[in-house]
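I have placed the structure first, in the form of structure tokens, so that the comments after it can refer back to it.
Bear in mind the structure is a predicted one, so any value in this text is a computation, not a measurement. Scope of the values below: all heavy atoms of this structure, side chains included, with no hydrogens, waters or symmetry mates.
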Amino acid sequence: MNEVRIPLHGSGQSLYVAHEKVYPREIDGRFTRLRTLSAWVLLGVFYVFPWINWHGRQAVLFDLPARKFFIFDLVFWPQDFIFLTWLLIIAALSLFFVTAVAGRLWCGYACPQTVWTETFLWMERVTEGDRSARLKLDRGPWNGEKLLRKSAKQVLWVSFALWTGFTFVGFFSPIRTLATEAMALSLGPWETFWVFFYGFATYGNAGYLREQVCKYMCPYARFQSAMFDKDTLVITYDQERGEPRGARKRGTDARAQGLGDCIDCTWCVQVCPTGIDIRQGLQIECIACAACIDACDEIMDKMGSPRGLIRYTTQHALDHKPTRILRPRVLIYGGLLSALIVGFVVTVAMRSPVSLDVIRDRNSLYRLTDDGQVDNVYTLRILNKTEKERRFELEVDGEGEFTLIPDKRVYVVKSGEVYSTPMRVRRPAYEPLGPQTIEFELKSLDDESIEAETEARFLAPTR
């Protein structure tokens, strides 16, 4: 995909140069292996989780029509929307914390754009060969071999993209039912739309846009500088050690020739998925994948020089100053993140499977009966958050003798149902005098561990 050229008036120059396709060189090394492992784990989670059965249902399913989110043993309802907000805040703070400590690790090892681009690049290498072969193939004329290799690549890309779109929809619609309908060509219109939409997005972003998403579309690259400081761990070229650059024979003394350790082989540029030269310093295009570190380490090993010409380090370390890992922003991010994670886990663990609300009717204070009783009107709401129909018994307690009207103490509530009904609470009008707080207790007759309590105000005459 080429960028638009806008000519300058009165000159032959342009504001933007045409985009040149990046052909990353394949490299092996400790960071490449770590990145590959991360990709396998993340792709495994995405493609495998929808197929796992858990207690007779899909383990991870966001069932929008039923308004239920299943995540293994956890079931979230619309009333649990606060947990989604909580998770988003945790995700944002995690990004801030990791960036402040170690730069753009998210981009290099876990970002979906990076993971799927690496997968599409692997399919490109399988069908078209290594970097030199791909360059030669693209620059050569169309012939039978080129058509065959390009076609094979497109078949793999399109198949994988459609499988990605299908899996994505499988998180929102039971994937086994979805697979049966897909095999019978009877998918609904919305499922069909999202399978192709997400498949097309994967195909375009990972197959063609690639590094352009990171360089021009992703906002993270733009505001990362606000989270960096001179103690942030970043990938850096040691200019003091590497300059001046120059080619030399293996085993020769670079210093005796007036050269640095960099032999100007450009491997660090050739392996970069965004096509930058890390020797020019930290750039917003760098996604911290560390491919340049593996490439440079391999060259240093061949030349007999120590590793680390390109490495993870800090600006303070390059300036021969002490590096502080524990600094105010890191402590603040870490403290807030820890508190939010602990709070989230504790809150989810202590979440009640039933919700009870008793809302007093504000249109009337109270009603005195002829036999010396006083009534208050309430609306009873019971939310059953379990996956089974439950029978609940309601009790009311307070100072005095209370009676529920109608005298129905047992309520049958279906799974996910919000059961709502009006009711009256009655007690002697003057025993005791004045308003008071009363307690409602709801217990499941099917499971004694499921219960809920709430309070409400009961109004009565003061004299």
Side-chain angles (χ1 to χ4, degrees), residues 40-88 90-91 112 160 162-195 198-199 341 344-357 381-394 410-420 442-452:
W40 273 104
V41 170
L42 294 172
L43 289 174
V45 168
F46 180 79
Y47 290 105
V48 174
F49 271 27
W51 294 97
I52 299 176
N53 271 337
W54 195 262
H55 301 319
R57 58 166 172 80
Q58 191 168 313
V60 181
L61 177 65
F62 307 119
D63 194 345
L64 297 180
R67 296 184 298 176
K68 290 189 288 187
F69 286 6
F70 299 99
I71 304 176
F72 292 93
D73 281 329
L74 299 177
V75 181
F76 293 98
W77 303 85
Q79 292 79 5
D80 297 320
F81 184 79
I82 182 64
F83 291 111
L84 175 60
T85 307
W86 205 328
L87 277 177
L88 291 175
I90 289 175
F160 192 75
L162 288 176
W163 181 249
T164 302
F166 171 81
T167 305
F168 174 78
V169 176
F171 278 98
F172 298 90
S173 183
I175 198 164
R176 284 175 170 79
T177 304
L178 196 69
T180 302
E181 293 176 351
M183 294 295 290
L185 301 179
S186 59
L187 282 178
W190 281 111
E191 285 103 341
T192 303
F193 170 79
W194 284 111
V195 167
Y198 200 79
I341 292 175
F344 180 83
V345 172
V346 171
T347 304
V348 169
M350 297 178 64
R351 188 174 57 120
S352 174
V354 59
S355 175
L356 172 66
D357 286 323
R381 289 181 181 171
I382 304 172
L383 169 61
N384 179 11
K385 297 181 182 178
T386 68
E387 297 182 61
K388 299 179 181 179
E389 181 178 274
R390 299 284 183 184
R391 294 181 304 128
F392 296 100
E393 183 179 29
L394 183 67
V410 178
Y411 302 91
V412 179
V413 186
K414 297 178 181 179
S415 173
E417 179 185 5
V418 180
Y419 183 91
S420 180
L442 189 72
K443 291 185 177 180
S444 171
L445 299 177
D446 310 298
D447 187 343
E448 294 182 355
S449 65
I450 299 177
E451 60 182 12

Do [X] and [Y] have their ring centres less than 6.0 Å from each other?
X	Y	result
Y411	F392	no
F166	W163	yes
F171	F70	no

Starting at [atom1] of [X], measure out to [atom2] of [Y] and round the result to the nearest 0.5 Å.
X	Y	atom1	atom2	result
S355	D357	OG	CG	4.5 Å
D80	T347	CG	OG1	11.0 Å
T85	I90	OG1	CD1	11.0 Å
S420	L383	OG	CG	11.5 Å
Q58	I71	CD	CD1	12.0 Å

If I compare all heavy atoms of P50 with all of R176, which pair ends up nearest, and what's the gap?
O-NH1, 4.3 Å
Give the minimum heavy-atom separation between F168 and F46, together with the two atoms involved.
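The pair with the smallest heavy-atom distance is N-CZ, 3.9 Å.
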Check against side-chain contact (heavy atoms from CB on, under 4.5 Å), L178 and E191
CA-CA 8 Å; L178 196 69; E191 285 103 341; 3.7 Å; yes
Is there a side-chain contact between [X] and [Y] (heavy atoms, below 4.5 Å)?
X	Y	result
L61	F172	no
V354	N384	no
K388	D447	no
I52	V60	no
L74	V348	yes
F72	H55	no
L442	E451	no
D446	E389	no

I382 vs V418, test: side-chain contact (heavy atoms from CB on, under 4.5 Å). Steps then yes/no.
CA-CA 6 Å; I382 304 172; V418 180; over 6 Å; no
Suppose we screen for side-chain contact (heavy atoms from CB on, under 4.5 Å). Which residues come up paired with F69, at least two apart in sequence or across chains?
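Result, side-chain contact (heavy atoms from CB on, under 4.5 Å) vs F69: F62, L64, F76.
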Given K385, R390, K68, the one that forms side-chain contact (heavy atoms from CB on, under 4.5 Å) with S415:
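It is K68; the other options fail the test.
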Between F193 and W190, what is the ring plane arrangement, given parallel below 30°, perpendicular above 60°, and tilted in between?
perpendicular
So, T167 versus Y198: side-chain donor-acceptor pair below 3.5 Å or not?
no
Got a sec: does the CH2 of W51 have more than 12 other heavy atoms crowding it under 6.0 Å?
yes
Once salt bridge (charged side-chain N to carboxylate O under 4.0 Å, His left out) is applied, what residue pairs with a partner in residues 45-67 remain, sequence neighbours excluded?
R57-E387
Return yes if some donor-acceptor pair links the side-chain N/O of T164 with the main-chain N/O of F160 below 3.5 Å, else return no.
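Yes; at least one donor-acceptor contact below 3.5 Å.
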